[in-house]
Amino acid sequence: MHHRNIDRTVFIPTVSLFALVSLGLILGGSNLRVVLSNVMNGITAHMSWAYLGIYIINFIFFIYLAFSHFGKIKLGHANDKPEYSSFQWGSMVFATAIDASILMLSMVDPLRYVQSPVFGDKPYSAAAYGDAHMLGQFNWGPMAWMMFASATIAIAYVMYVRNVHVMRISSAISFLKGPEHYKKVVRQIIDFLVVFGIMGGIGSSVGMEIPVLSKIINQLTGIPDNLFLKLFMFLILFLIFAVTVFHGIKGGIDKLSAAHIWTAIGFLLIVLFVGPTLTIFRDEGNSLRLMVEKFITMSASTTTNGKPGVAQQETIFYWGWWLSYMPVMGLFIARISRGRTIRQVVVGMLTYGALGCMSFYAILGGYSLYLQQTGVINLVHILNTQGQAAAIAAVISTLPLKMLMLVIYSISCFIFLATTISSSAFIVSSFTSKHLEPGEQPSQFNRLIWVIVFIIFSFGIVFVGGFKTVQAISSIAGFPLIAVCALLLLSIWQMIHKDQKVTQAKKETVLFLPHVSPEIIRKRKHVQVTLESYLSD
């Protein structure tokens with residue numbers, strides 16, 4: 001289990017940082033809850049402009065890029081065809097939209113919004129219910145998915161148009177390529193920030209999901225919902241992670257990925273058809289109308305009636321979370337997108353990806369609001385007094401065969417959790433390795449260390465407890481990636497403009513030499529190839 005291939009300039013600082021943070025979380029315990037809650041309040045009050053700003057710039061950039069003449073640029077050579085059919089590609093993008101977090105948050109987010117509504121609505125009014133149904137879909141919809149496009153398009157362009165093997169996000173930033181010392185330092189800083197963001201985002205996911213699963217297991221089995229149960233769940237996760245990470249992509253992570261999507265879709269369809277189907281469809285139609293009407297306002301607003309509100313804080317939390325997942329999602333979608341145009345990839349992410357996420361809020365969130373609004377069960381009271389784990393269990397308990405549904409739900413969430421973290425640990429170990437040849441995997445030592453770091457850091461978040469803790473850590477982790485996203489946008493713009501000039505020069509050369517001797521044409525082609533090589537460097 002050698003570790004000679006580890007890049008210590010990124011590996012040692014990040015592992016050390018998260019070891020210290022994990023120790024601080026465990027020693028601080030619940031005493032840190034108030035501190036981190038205040039941090040989240042401060043971020044929302046003073047830094048929300050930065051999160052909103054990069055999302056607005058990023059969204060406008062890719063909508064323009066996709067529907068301008070640049071959208072026709074193929075991510076590959078002229079004769080490259082997509083490796084996957086549109087349905088296969090869309091299914092894989094849709095699958096990446098699903099994880100344990102959306103199975104949980106889609107049920108409880110609307111309950112937060114309806115009691116602290118946006119746009120100055122009166123709590124529990126018809127308008128508040130309509131906006132609560134819509135707002136979660138906004139937070140998981142087009143704006144969120146366009147954040148993944150920055151890494152996706154940059155990586156895919158470098159890999160398939162410029163034929164450069166990309167192992168790290170810094171490799172996709174063209175103007176940082178070169179042997180100069182300052183460029184090397186900046187690349188190392190970017191790699192560190194990417195790993196920092198991924199760790200914070202994944203840690204936040206686990207920190208939120210383990211307590212919910214622990215509560216549901218308590219309801220199913222009667223086992224006390226205490227620290228020992230959570231420790232046991234972390235042990236099981238560690239064993240799953242260790243097996244899948246040691247097996248790598250083939251035979252490990254891919255099998256988990258294949259299993260997880262069907263359980264989630266099955267659960268979603270059961271809720272849709274045993275629940276108030278017509279009401280869910282009607283409310284979704286209203287939500288789509290509201291999203292179109294209020295999209296610009298929600299995209300740019302940081303306050304409700306002049307003050308930061310629950311809905312705005314949730315949006316800032318999600319914007320930080322999507323930023324932290326940007327490198328992982330970008331790398332995955334780029335690797336399956338060879339042969340597609342920029343327009344096809346962007347539109348595909350807006351449809352398969354965004355609509356995939358929105359469907360969970362439409363169905364599970366719609367069902368939660370239906371139960372609350374019709375008085376079947378007071379979910380808001382349960383959420384406020386017992387927490388989101390109890391509220392989720394209460395929602396599932398209203399379904400037929402509730403014990404079976406709780407089992408299906410728990411298995412789905414656990415598979416998602418294992419899939420997400422195993423894949424992320426594999427990617428982080430790739431980012432912290434020295435040059436890997438195409439198809440080569442990071443060392444087992446590197447992968448195992450990251451599995452351990454993930455487990456300890458996530459346990460620290462669970463030990464502190466509280467949803468505000470998860471929100472604060474996720475927002476902090478995503479913040480440095482605002483700068484990385486900006487660099488990726490600049491790199492994409494520079495690359496497509498440089499390569500467009502090369503293509504135009506090539507066309508003009510051919511048109512200018514219609515009757516020249518073959519010998520001169522060969523010389524001209526040599527000059528053109530030299531020019532292309534110079535510009536691409």
Side-chain angles (χ1 to χ4, degrees), residues 43-71 73 75 135 138-158 169-170 172-176 186 189-190 193-194 197 201 291-292 294-303 308 311-331 333-334 342-343 345-350 353-354 357 474-498 500:
I43 290 172
T44 305
H46 303 296
M47 297 305 302
S48 55
W49 61 269
Y51 293 90
L52 295 175
I54 193 64
Y55 270 79
I56 293 169
I57 292 169
N58 184 78
F59 186 79
I60 293 173
F61 177 86
F62 282 107
I63 294 301
Y64 165 74
L65 199 68
F67 294 100
S68 68
H69 66 282
F70 295 117
I73 294 174
L75 300 171
L135 191 57
F138 171 78
N139 288 337
W140 288 71
M143 292 284 282
W145 272 84
M146 280 303 90
M147 182 49 61
F148 302 148
S150 54
T152 299
I153 300 301
I155 293 170
Y157 194 94
V158 170
I169 293 294
S170 60
I173 302 175
S174 58
F175 50 80
L176 293 179
V186 174
I189 291 173
I190 289 172
L193 294 178
V194 165
M291 187 181 296
V292 172
K294 301 180 178 182
F295 188 84
I296 295 175
T297 303
M298 290 186 296
S299 300
S301 176
T302 60
T303 60
Q312 283 71 31
Q313 191 168 85
E314 289 265 311
T315 298
I316 298 306
F317 150 60
Y318 278 123
W319 280 186
W321 207 11
W322 302 139
L323 278 161
S324 70
Y325 270 95
M326 176 208 20
V328 176
M329 297 292 289
L331 194 60
I333 299 175
I342 290 176
R343 182 177 301 155
V345 173
V346 170
V347 172
M349 292 169 72
L350 285 173
C357 286
S474 184
S475 300
I476 292 168
F479 185 75
L481 293 180
I482 292 174
V484 176
C485 178
L487 292 175
L488 287 169
L489 297 182
L490 288 172
S491 178
I492 293 168
W493 189 249
Q494 183 194 57
M495 287 189 295
I496 60 177
H497 272 273
K498 264 192 175 182
Q500 188 182 47

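Remember, it's a predicted structure, so these values are computed and weren't measured experimentally.
Contact annotation: the side chain of Leu65 approaches that of Ile496 to within less than 4.5 Å [non-hydrogen atoms, C-beta and beyond]. Two residues are said to be in side-chain contact when any heavy atoms from C-beta on lie closer than 4.5 Å; Leu350 and Ile63 meet this criterion. Put simply, the side chain of Ile169 does not reach to within 4.5 Å of the side chain of Met326, judged on heavy atoms. Looking at heavy atoms from C-beta onward, Leu52 lies in side-chain contact with Ile316 at the 4.5 angstrom threshold. In this structure the side chain of Trp322 never reaches within 4.5 angstrom of the side chain of Met329, judged on heavy atoms. Two residues are said to be in side-chain contact when any heavy atoms from C-beta on lie closer than 4.5 Å; Met298 and Thr315 fail this criterion. Side-chain contact between Tyr157 and Ser174: absent, with no pair of heavy atoms (C-beta onward) separated by less than 4.5 Å. Counting only heavy atoms from C-beta outward, the side chains of Phe62 and Ile153 approach each other to under 4.5 Å.
The backbone N or O of Ala172 lies less than 3.5 Å from a partner atom in the side chain of Ser491, making a donor-acceptor pair. At least one donor-acceptor pair closer than 3.5 Å links the side chain of Trp321 to the backbone N or O of Gly201. Looking at Arg343, its side chain never comes within 3.5 Å of a backbone N or O of His69 through a donor-acceptor pair. When atom types are taken as modelled, the side chain of Tyr51 and the backbone of Ser475 share a donor-acceptor pair closer than 3.5 angstrom.
With values rounded to the nearest 0.5 angstrom, Ile189 atom CD1 is found 11.0 Å from Ser170 atom OG. Atom CE of Met147 sits about 8.0 Å away from atom CD1 of Ile482, to the nearest 0.5 Å. From Ile57, atom CD1 reaches atom OG of Ser150 across 12.0 Å, with rounding to the nearest 0.5 Å. Atom-to-atom distance recorded for Leu193:CG and Phe479:CZ is 11.0 Å, nearest 0.5 angstrom.
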Begin with the C-alpha distance, continue with both residues' side-chain angles, and end with the deciding distance and a verdict on side chain to side chain contact (heavy atoms under 4.5 Å, CB included) for Phe70 and Ile492.
-> CA-CA 11 Å; Phe70 295 117; Ile492 293 168; over 6 Å; no
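Heavy-atom minimum distance, Cys485 versus Ile54: SG-CG1, 3.9 Å. Heavy-atom minimum distance, Gly330 versus Ala151: CA-CB, 3.8 Å.
Residues forming a ring pair (Phe, Tyr, Trp, His ring centres under 6.0 Å) with Phe295 (at least two apart in sequence, or on another chain): Phe59, Phe138.
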